[in-house]
Amino acid sequence: MARIIAGATSSHVPAIGAAIDNGKTEEPYWKRVFSGFEKSKEWFAKTKPDVVIGVYNDHASAFSVEIVPTFALGCASEFPPADEGWGPRKVPVVQGHPELASHIAQSVILDEFDLTICNKMEVDHGLTVPMNLMMGTTNGAWPCPVIPLAVNVVLYPPPTAHRCFMLGRAIRKAVESYPKDLRVVIFGTGGMSHQISGPRAGLINSKFDKAFLDNLARDPKQLTKIKHVDLMREAGLEGIELVMWLVMRGALDDKVNEVYRFYTVPASNTAVGHIILENKPKASRKAKGKKKK
Ligand SMILES: [Fe+2]
């Protein structure tokens, strides 16, 4: 049986990708950001998941405003980097896992979540920047297959925080009904507080971000009650991306081990937040269940 062993979240600021691509990671401004992910890369290398599910949003790279799916699951065998205006990032093609992705699509859609099935899709910095941060720079290939799940947070109305959390629950059920033994990690990306345009451009709300991280680890159901308007008021217009973190959290156990956390401001005009949460090992979950009886 496949199972989700852990989840991680990370901002996906495009300027982080540009800093990697242009060799600026050692510059003091960027070193502050990248040094916060050194432990994460070690954790990822040690954890060695078989598959990653990457929850992210497309930034008008794969989907124009003509067609904006609320949830789009990548079922292809590969996902080339998208042209983001300056050309596609020079990162390896993302290898998918069509068999698990199709299984997730079937399970989740029959569970009444209407996913758009993408058999051809390009992926932009929303997915590849967190992959760089967690997996490190690559020598021609990413370390494991990644199933992209694009969530609409760019065109009103995005899905609610609660809907995203429940989708995470459905993904977990889907993964656990997949017959092959696979260890799966799920990424939630985007955020934290930031606003790109308008009178509040440059907004960063560290107090809100840190409370969000606390609740994500310990009391995620609190976060499922947040309305879009409150999220945008507190975390800025683009802070709405944080609903994607709840897909990740919904796919994990109620009680998790917090392995690592990092927060810094700013990266470009965005607060960078990152957390790694692990499900408790299966054996200890079983033992706990027996004790209760
Ligand atoms: Fe974004």
Side-chain angles (χ1 to χ4, degrees), residues 7-21 30 33 37 52-65 67-72 74 79 81-86 88-89 91 94 118 121-134 146 148-161 164 167 186-198 200-205 208-209 212-213 216 226 228 231-232 234-249 262-275:
T9 65
S10 158
S11 312
H12 61 212
V13 189
I16 294 179
I20 296 168
D21 300 345
W30 287 112
V33 175
F37 288 88
V52 164
I53 298 170
V55 184
Y56 77 109
N57 70 285
D58 177 73
H59 301 76
S61 303
F63 308 114
S64 73
V65 286
I67 298 176
V68 183
T70 301
F71 299 117
F79 306 93
D83 186 329
E84 304 188 34
W86 289 277
R89 289 192 66 210
V91 290
V94 175
C118 296
M121 182 165 75
E122 294 183 337
V123 291
D124 68 13
H125 67 270
L127 183 73
T128 59
V129 163
M131 286 172 66
N132 276 133
L133 290 172
M134 295 294 299
V146 175
L149 172 62
V151 178
N152 168 36
V153 290
V154 296
L155 191 69
Y156 187 82
T160 62
C164 288
L167 175 61
I186 182 164
F187 289 173
T189 74
M192 295 197 88
S193 59
H194 65 300
Q195 177 151 337
I196 294 168
S197 57
R200 298 199 308 156
L203 176 144
I204 283 178
N205 184 347
F208 173 85
D209 290 339
F212 193 97
L213 285 164
L216 195 73
I226 300 182
H228 288 143
L231 194 48
M232 288 188 285
E234 294 294 331
L237 211 53
E238 281 75 23
I240 195 79
E241 291 179 342
L242 285 167
V243 295
M244 295 187 288
W245 291 27
L246 291 168
V247 180
M248 178 287 287
R249 190 60 183 90
F262 173 64
Y263 183 83
T264 189
V265 287
S268 184
N269 52 5
T270 305
V272 170
H274 168 51
I275 199 165

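Indexing begins at 1, ligand by ligand and atom by atom, following the structure's order.
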Phe212 side chain near Ser193 side chain, heavy-atom distance below 4.5 Å = no

Does the side chain of Glu238 come within less than 4.5 Å of Val153's, by heavy atoms?
-> no

Can you count the protein N, O or S atoms that lie less than 2.8 Å from the Fe ion (ligand 1)?
-> 3

Using a distance-only test with no angle check, is there a side-chain donor-acceptor pair under 3.5 angstrom linking Asp124 and His59?
-> yes

Sequence neighbours excluded, the answer for side-chain contact (heavy atoms from CB on, under 4.5 Å) partners of Thr160 is His162, Arg163, His228

Passing candidate, side-chain contact (heavy atoms from CB on, under 4.5 Å) with Met192, options Thr9, Leu213, Val265, Val272 | Leu213

Take Val123 and Tyr56, measure what side-chain contact (heavy atoms from CB on, under 4.5 Å) needs, and give me the verdict at the end.
-> CA-CA 9 Å; Val123 291; Tyr56 77 109; 3.5 Å; yes

